[in-house]
Amino acid sequence: MATKIIDLRSDTVTRPTPAMRAAIEAAEVGDDVFGEDPTTIRLQEKVAQMLGKEAALFVPSGTMSNQICIKAQTEPGDELLCEANCHIYNFEVGGPAVLSGVTCRVIEGEYGILDVADLEGKIRPVNDHLVRTRMIALENTHNRGGGRIYPIEKIRSISAWAVQHGLIRHLDGARLWNAVVATGIPADEWCKYFDSVSVCFSKGLGAPIGSALAGSRDLIVRAKRIRKLLGGGMRQSGIAAAAALYALENHLERLAEDHRHAQIIADAIRDTPGLRLDPPKVETNLIWFQVDPELGPAREIANRLRQHNILVHPAGPQTVRACCHLDVSAADAELVAETIRRTVPGMTPVA
Ligand SMILES: *Cc1c(COP(=O)(O)O)cnc(C)c1O
């Protein structure tokens, strides 16, 4: 048997389980561009109901989902307020500018989390010289913020502030499911403070493909047109939707296991001289840590762990990300923790 690789680079690396593959095989399909794919329709209804929205739309990726929501709710020359380290601004190829003619005004939060105080004064006055501040996007959990959960009272106050200023509110909920499971606050409660929401099935939930956006019926009609424009109209999409449905029905509660496994690995990092958890508290399935330059660059740690069949993501010169997911067992997490404790302190310091 091939050596098992424990792949912590991302929670997107999961493979469909045999049961998920069986659900894919059994999926009833039709042409979804004609609105005739029963499995996709079922998924969209379930997502809308879970998120407490009128309707939802299945799309190929979280990037497309976020960008459709921006395009559907802005005009060129509008401005989007977002956190400086958010996915929409940093990791979506400049989508707001390229696809919507929208500029981003970024505001640095504390590990991705903003306060109303950070936003006060950021609405441009009505003036012929100025862009129109039109929309705000929040990310929950926050990837670059270390998988942090947005405190719900902050969401409530930011949402109230946004409504007061006539801003459209968007939630990038790629990992909203992790926040739901970690807090016990249901998805529809998190979502009721937003006009549009994007969620992913291909992260911790373990589906191979797909995201969904949700909002009012009118938003979804416009979103469907934009999905077609962007080339995201899919035909027998029930093949992918079946996996997403299976994931929602069978892999949601188990995200708690990923959170427990992340704690096992976080403890080892906390105990290892030269490594520093950043943020210091691990709240969900993501573990971000800093490597003291004395131990070498982040990629050196990644190389060292790779020799032990453990893959992590060097996300910056001294920054590493590790993710727990469906394909990482408790025993795997213990092995990773043990390997870090045993091998990292012995690394030869760079001269
Ligand atoms: C992964 C992710 C997305 C979407 O990514 P895709 O790879 O396009 O599916 C969006 N937002 C956040 C916070 C993410 O982590």
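Just so you know, these numbers come straight off a predicted model, no measurement behind them. The first residue in the sequence is number 1, and the count goes up from there. Note that ligands are numbered from 1 as they come in the structure, with each ligand's atoms numbered from 1 the same way.
- Using a 4.0 Å cut-off between charged nitrogen and carboxylate oxygen, Arg227 and Asp32 count as a salt-bridge pair.
- The pair Arg341-Asp271 meets the salt-bridge criterion, with a side-chain N (NZ, NE, NH1 or NH2) lying under 4.0 Å from an Asp/Glu carboxylate O.
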Please list, one pair per line, the donor and acceptor atoms closer than 3.5 Å that link side chains of residues 161-168 to other protein atoms, with sequence neighbours excluded.
residue	atom	partner	partner atom	Å
Trp161	NE1	His165	NE2	3.3

For ligand 1, which of its N or O atoms have a protein N or O partner closer than 3.5 Å, and how long is each gap?
residue	atom	partner	partner atom	Å
ligand 1	8 (O)	Gly62	N	3.4
ligand 1	8 (O)	Thr63	N	2.8
ligand 1	8 (O)	Thr63	OG1	2.5
ligand 1	9 (O)	Gly62	N	2.8
ligand 1	11 (N)	His87	ND1	3.4
ligand 1	11 (N)	Asp172	OD1	3.1
ligand 1	11 (N)	Asp172	OD2	2.6
ligand 1	15 (O)	Arg175	NH1	2.8
ligand 1	15 (O)	Lys203	NZ	2.8

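- In this structure, His251 and Tyr246 approach most closely via the heavy-atom pair NE2-CE2, 3.7 Å.
- Applying the salt bridge (charged side-chain N to carboxylate O under 4.0 Å, His left out) test to residues at least two apart or on different chains, the pairs with a partner in residues 135-151 are Arg148-Glu283.
- Pairs of residues two or more places apart, or lying in two chains, that qualify as salt bridge (charged side-chain N to carboxylate O under 4.0 Å, His left out) and include a residue from residues 173-191 are Asp11-Arg175, Arg156-Glu189, Glu189-Lys192.
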